[in-house]
Enquirer: 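Structure in structure tokens, see below.
From a predicted model like this one, the values you see are computed outputs, not experimental measurements. Protein chains get the first letters and strands the later ones, always in sequence-line order, with residue 1 at the start of each.
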There are 2 protein chains.
Amino acid sequence: MQSSQNGVDAAAPTTTEPADPNHVVTLADVARATGFSQMTVSNALRDRPKVSEANRRKIKEIAQRMGYQANAAATMLRNRRSGIIQIVIDDFEVPFHASLAKYLAQEATARGYQVAVRQSERSGSAEMRVLKTERGLIYDGVILDAPNITESQVLAHAHGRPALVIGDCADFSAVDSMDTACAPGAADAAEHLWERGCRECYVLGAPAHWPTDETAHRTGFGPRRFAAIVDALAGHGVRIDDDHRIPCDWTLEGGHAAAARLAARLREAHAVPVAGDGSVQTATATSPIGILCLTDTVALGALRAFAECGVRVPDDVRVIGFDGLAIGEYAVPSLSTVAMDVPAMAATVVARLAAAIEAQSSGAPLPDAMHETIPYRLVARESSR
Amino acid sequence: MQSSQNGVDAAAPTTTEPADPNHVVTLADVARATGFSQMTVSNALRDRPKVSEANRRKIKEIAQRMGYQANAAATMLRNRRSGIIQIVIDDFEVPFHASLAKYLAQEATARGYQVAVRQSERSGSAEMRVLKTERGLIYDGVILDAPNITESQVLAHAHGRPALVIGDCADFSAVDSMDTACAPGAADAAEHLWERGCRECYVLGAPAHWPTDETAHRTGFGPRRFAAIVDALAGHGVRIDDDHRIPCDWTLEGGHAAAARLAARLREAHAVPVAGDGSVQTATATSPIGILCLTDTVALGALRAFAECGVRVPDDVRVIGFDGLAIGEYAVPSLSTVAMDVPAMAATVVARLAAAIEAQSSGAPLPDAMHETIPYRLVARESSR
DNA sequence: ATGAAAGCGCTAACAA
DNA sequence: TTGTTAGCGCTTTCAT
């Protein structure tokens with residue numbers, strides 16, 4: 001039991017340790033090595049108050065030297081909690097989701113939780129993201145960054161654990177939710193383009209089947225943003241008919257293709273090619289055309305397409321996106337956008353989930369479900385100036 | 001035990017279930033409900049061959065209706081494996097790392113592993129990323145996407161489990177590693193700019209303290225890329241002295257600031273501002289200046305700065321980056337780059353780690369450590385054409 | 001084909 | 001302050 005000389009050698013057999021190389025050091029091993037009971041060792045290592053300072057130090061030192069690490073499975077089995085929050089994210093490679101993951105993870109870590117992020121998977125043939133329920137619930141709570149999930153899917157995945165959804169939660173009731181400010185944000189974007197002189201507007205990323213009428217059930221990020229844009233512009237007498245919505249994927253490629261199509265159409269419809277610079281002069285020379293992109297990614301793809309086609313931004317068209325991606329500030333021209341305050345959102349979300357976890361494990365009933373909205377602000381940059 | 005009418009209601013008490021709302025269904029519960037022993041239920045649910053087909057179906061159905069989910073902690077404690085691979089990533093918001101995470105996760109999922117991704121944390125005051133060793137080792141193996149980690153740090157984090165590092169692994173021996181092809185890739189980039197007529201080159205993102213001489217110990221992504229560039233250009237008689245390396249963070253902001261400084265310097269040094277268009281004419285009008293950015297992110301920031309300063313790309317300067325970010329194709333002008341084949345890399349990495357996990361759990365000794373390199377190819381786009 | 005017993009490594013509760 | 005007992009939920013023997 002006397003303190004040995006070798007400071008570093010982790011697996012140094014202190015007393016009668018069998019020299020099994022694959023042997024993982026267990027609490028019992030440390031107990032044997034120190035001469036104390038398992039309980040005392042356990043208490044010492046976890047800084048419980050009922051161990052003398054001297055012994056605590058001694059135990060900790062020996063445990064350290066033996067390379068002891070508590071077996072997480074056993075601890076979890078006993079404590080019925082892992083201290084890990086799971087974050088399910090749609091796609092790491094989509095910058096907006098990546099940003100969410102980053103700040104959620106930071107926030108959760110700051111609160112003493114470990115974080116495990118996972119992607120939802122693409123289902124076999126379809127492009128649809130699916131959330132395969134995994135066997136093995138080891139997480140204390142779940143944050144789902146899943147734009148188009150239903151409440152019952154959430155409940156199925158949560159399996160009784162506290163859960164919180166970031167996405168389109170318009171018709172959620174029981175499950176905590178954090179929604180993007182689709183409607184007001186999109187409306188602001190439309191107002192902005194109106195103020196910047198746009199009297200004709202196109203929406204990029206809106207498929208033809210989304211409803212425009214007030215009464216329709218508007219669900220999903222896209223439809224809600226789109227509907228808000230239509231409403232806001234209608235207030236100014238600007239109509240978004242089927243010709244003024246260009247469907248496309250919410251990707252760079254999608255935005256690029258959509259804008260290229262649009263540029264061709266504009267050229268045909270009312271363009272007067274000017275010799276030399278090849279730029280497009282719209283028929284209404286004093287009135288630039290507004291381009292509302294339902295996502296910054298779409299907008300970035302569109303900017304590129306406009307550059308290729310000789311459509312000048314912001315002279316011929318004025319472009320605004322949605323999300324507030326960092327890269328937008330460095331685009332040429334820099335991209336106007338409805339920027340989400342992701343860090344603020346993350347703080348709220350994690351605080352709420354942590355509270356729910358605490359409440360559940362202490363048996364206290366939770367207050368009503370939370371339904372918040374991500375703070376946003378409109379950032380006007382070169383693309384709409 | 002007769003099949004109930006309600007198909008969905010998961011928690012429907014079948015027989016004498018106590019109406020405890022918080023009760024989680026356990027194997028014993030299912031055993032009691034079905035009338036079989038725990039073992040039979042366990043075997044049935046896991047499709048072990050020693051259960052009659054009829055009973056297996058009956059058991060599965062009842063378990064399903066009771067909402068049974070195996071307790072992962074208990075399973076892990078028994079089996080000594082979780083089926084989860086941990087991926088540690090430097091920063092979700094850095095696109096290159098996000099891309100790694102995406103493909104690693106996909107690959108691991110395809111192989112039947114669950115995946116838990118976590119970020120390394122920023123240490124208190126410093127900007128340094130640290131890898132806090134977490135208490136609680138529940139993962140079967142670890143993939144570390146950590147550009148500047150040392151082998152001993154890896155071993156500390158791995159704690160005996162199979163581990164694999166993606167990053168700068170020039171002096172790794174015992175730990176499996178996947179390295180970026182820094183030297184050949186950067187050399188190719190330099191060659192490319194030479195071929196494109198650049199007779200003077202600047203390197204963006206290279207701090208002054210990195211060594212240039214052959215003998216120095218070149219470690220870390222940056223130093224190795226930088227050294228390779230210096231070597232390659234030296235072969236053509238182009239020197240990279242201290243004036244031709246512009247230090248900056250590997251971020252959009254960093255690249256922007258560095259390029260802005262450089263643009264100002266170029267203007268002063270040998271620029272002849274042309275009335276009207278404000279573009280820069282270099283003294284050697286026939287020889288554009290090469291800009292080697294150690295990262296695509298830096299390059300994107302630089303492109304923006306050049307646009308702001310009226311430096312024409314690729315007429316005045318020719319720019320190339322490193323990584324192959326998707327956005328580079330949509331930049332204005334589109335960005336030349338040394339593109340990494342991330343999916344191929346991910347496949348190799350996960351295959352190797354899976355093999356190591358199998359080997360370790362079956363007691364078989366592993367062959368020697370793997371040291372591979374991410375495949376890459378040079379993509380020439382507008383910024384260097 | 002099915003069941004009983006034992007124990008993975010840990011910690012709450014109680015006893016000393 | 002320290003030690004003993006029991007058991008979290010599951011699965012691997014080893015009977016039956």
Enquirer: Hey, are the side chains of B/Q38 and B/T26 touching, using non-hydrogen atoms and a 4.5 Å cut-off?
Expert: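 In short, these two side chains do not touch, never coming nearer than 4.5 Å.
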
Enquirer: Return the value, rounded to whole Å, for the distance between atom CG of A/N79 and atom C1' of D/dC8.
Expert: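 It works out to 10 Å between those atoms.
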
Enquirer: When we call it a touch if two heavy atoms are under 4.0 Å apart, what does A/R48 touch: a base, just sugar-phosphate, or nothing?
Expert: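 Sugar-phosphate, no base atom in range.
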
Enquirer: When you measure from the side chain of B/Y68, which nucleotide among D/dG3, D/dC8, D/dC10 comes out closest?
Expert: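 Of all the options, the side chain of B/Y68 is nearest to D/dC10.
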
Enquirer: Among C/dT2, C/dG9, D/dG3, which nucleotide has an atom closest to any side-chain atom of A/M39?
Expert: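 Nearest listed nucleotide: D/dG3.
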
Enquirer: At 4.0 Å (heavy atoms only), tell me whether A/N55 reaches a base, stays on the sugar-phosphate, or touches nothing.
Expert: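 Sugar-phosphate, backbone atoms only, no base.
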
Enquirer: Whole Å only: how far is the CD atom of A/Q69 from the C1' atom of C/dC10?
Expert: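 In whole Å, C/dC10 C1' and A/Q69 CD are 14 Å from each other.
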
Enquirer: Give, for atom CE of A/M345 and atom CD1 of A/I166, the distance between the pair rounded to the nearest 0.5 Å.
Expert: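 Answer rounded to 0.5 Å: 4.0 Å.
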
Enquirer: Measure from the side-chain heavy atoms of B/A74 and tell me the nearest of D/dC10, C/dC14, C/dG3.
Expert: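 When the side chain of B/A74 is considered, D/dC10 is the closest of D/dC10, C/dC14, C/dG3.
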
Enquirer: Thinking salt bridges, do A/E61 and A/K58 make one under a 4.0 Å N-O criterion?
Expert: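 So A/E61 does not pair with A/K58 through a salt bridge.
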
Enquirer: Side chain of A/Q38 only, heavy atoms from C-beta on: which candidate in C/dC10, D/dG3, C/dG3 is closest?
Expert: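 Closest of the options to the side chain of A/Q38: C/dC10.
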
Enquirer: Counting side-chain heavy atoms from CB outward, which of D/dC10, D/dT2, C/dC10 is closest to B/T75?
Expert: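 Nucleotide nearest to B/T75's side chain: D/dC10.
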
Enquirer: Output the rounded distance in Å from CG (B/L77) to P (D/dT12).
Expert: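 After rounding, the gap between these two atoms is 13 Å.
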
Enquirer: Considering only D/dT2, C/dT2, D/dT12, which nucleotide approaches the side chain of B/R46 most closely?
Expert: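 The answer is D/dT12, which lies nearest to the side chain.
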
Enquirer: Given atom CZ of B/R78 and atom C1' of D/dT12, what is their separation to the nearest angstrom?
Expert: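 Going from CZ in B/R78 over to C1' in D/dT12 covers 5 Å.
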
